[in-house]
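Throughout, numbering of the chain's residues begins at 1 and tracks the sequence. Small disclaimer: the values here were computed from a predicted structure and weren't measured. Just so you know, ligand 1 is whichever comes first in the structure, and atom 1 is the first atom listed for that ligand. Because only heavy atoms are used, hydrogens play no part in the values below, and waters and symmetry mates are left out as well, while side chains stay in.
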Amino acid sequence: MIKELQEQVHTLIEKALEDIKQASSSQELQDLRVNYTGKKGELTKISKKMKDLDKEEKPQLGQFINQFHTKFNEAFDLKQKQIAQEELQAQLAKETIDVTLPGRIQSQGVRHILTQTREELEDLFLGMGYQIIEGPEVELDTYNFERMNLPRNHPARDMQDTFYISEEVLLRTHTSPVQARTLEQHNFEKDGPLKMVSPGKVFRRDTDDATHSHQFHQMEGLVVAPRITLADLKGTLLQFAKAFFGEEREIRLRPSFFSFTEPSVEVDVSCFKCGGEGCSICKQTGWIEVLGAGIVHPNVLEMSGVDAERYSGFAFGVGIDRVAMLKYNIDDIRHFYQNDLRFLNQFKGGQN
Ligand code: DAH
């Protein structure tokens, strides 16, 4: 019986070594170990017969079994290293990076040109010592009209029809109501002179065309202190025109009417295209209208609790869309609101 068993172990060794040689993955190799030496493995089956052997025969079979283990492990370890090496090579080959391939381009967003323009205007006035104050887009009739010296049924209201949420609540038609909101908060005794700008969205009932939009942007300016005059207004706006449109610009004031200023003016800037000669941009006049302004009406000051005997001020309202269109030669206001990337991507300059 011992001979037979020794023979069986011998054959098993041959078979196992051959199987190991043939194995092509580490998984296959692990399976072989289980099949040969595991609990129900072939070698284990033979070992179980040990108990039926004579006392002196047992070590003889034991020797063979040890030999099996030695040879099996030796072949196993060798093969395992070989397979690990092959698998690593295969993985490296699969994951090779072709460094000559072109990279993936990340497309970077652009701040909207109206945002860029608003910030440029804000910076300009911050530099002159103004503070920036924002007001609500949904506004009360009181602030939007009455406190701007436009009582109910005043005909000038017709020019600024808007969306009414109720009798009293509307979408503001201009940034001017922020004047009243700021004046009533400002403590002149404590805070000194008031200098503020207020940018934001405004709304009007309008038929949209190349120069009109039912929604656009303005920036209000307001300076109130003792003895403010039209000369202060003119000096300030000249600074603005030069900084925004170019050092060579001049300005001119024309009489106009706004209910909240007296006197009121329209402000023209000398044409930056032709320098005043006359061209298609300035309609041959040499001048381009950019904003409305004036000396704050005493009623506006008084209605907001400011003593018009002691204080005077100037105010102005710039159309942000309008000056952006002029500066960047944009021919249609609707471009701002259509989100066409071909338009928006043209304004990559001035990013920070
Ligand atoms: N609120 C005026 C408008 O929307 C613009 C304006 C004109 C504002 C004169 C002012 C000003 O502050 O003084 O047409």
>> Over 60° means perpendicular and under 30° means parallel, so tell me whether Phe336 and His112 are parallel, tilted or perpendicular.
In response: tilted

Could you check ligand 1 for N or O atoms lying under 3.5 Å from protein N or O atoms and list the pairs with distances?
from	atom 1	to	atom 2	distance (Å)
ligand 1	1 (N)	His174	ND1	3.0
ligand 1	1 (N)	Ser176	OG	3.0
ligand 1	4 (O)	Arg204	NH2	2.7
ligand 1	4 (O)	Gln218	NE2	2.8
ligand 1	12 (O)	Gln179	NE2	3.2
ligand 1	12 (O)	Glu220	OE2	2.6
ligand 1	12 (O)	Phe316	N	3.4
ligand 1	12 (O)	Phe316	O	3.3
ligand 1	13 (O)	Ala315	O	3.2

List the atom pairs, with distances to 0.1 Å, where a side-chain N or O of residues 42-58 and a protein N or O form a donor-acceptor pair under 3.5 Å, not counting sequence neighbours.
from	atom 1	to	atom 2	distance (Å)
Thr44	OG1	Gly38	O	2.5
Ser47	OG	Leu43	O	2.8
Glu57	OE1	Asp54	N	3.1

> Who passes salt bridge (Lys or Arg N to Asp or Glu O under 4.0 Å) against Glu189, sequence neighbours left out?
Replying inline: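 Partners of Glu189 under the salt bridge (Lys or Arg N to Asp or Glu O under 4.0 Å) test: Arg310.
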
> Taking the six-membered ring where the residue is Trp, are the ring centres of Phe343 and His335 under 6.0 Å apart?
Replying inline: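 Distance test on ring centres: under 6.0 Å, yes.
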
> Above 12 or not: heavy atoms from other molecules or residues under 6.0 Å from CZ of Arg254?
Replying inline: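 Check passes, neighbour count above 12.
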
For residues 225-240, dump all side-chain donor-acceptor pairs below 3.5 Å to protein atoms at least two apart in sequence or in another chain.
from	atom 1	to	atom 2	distance (Å)
Thr229	OG1	Ala231	N	3.1
Asp232	OD2	Thr229	N	2.8
Thr236	OG1	Asp232	O	2.7

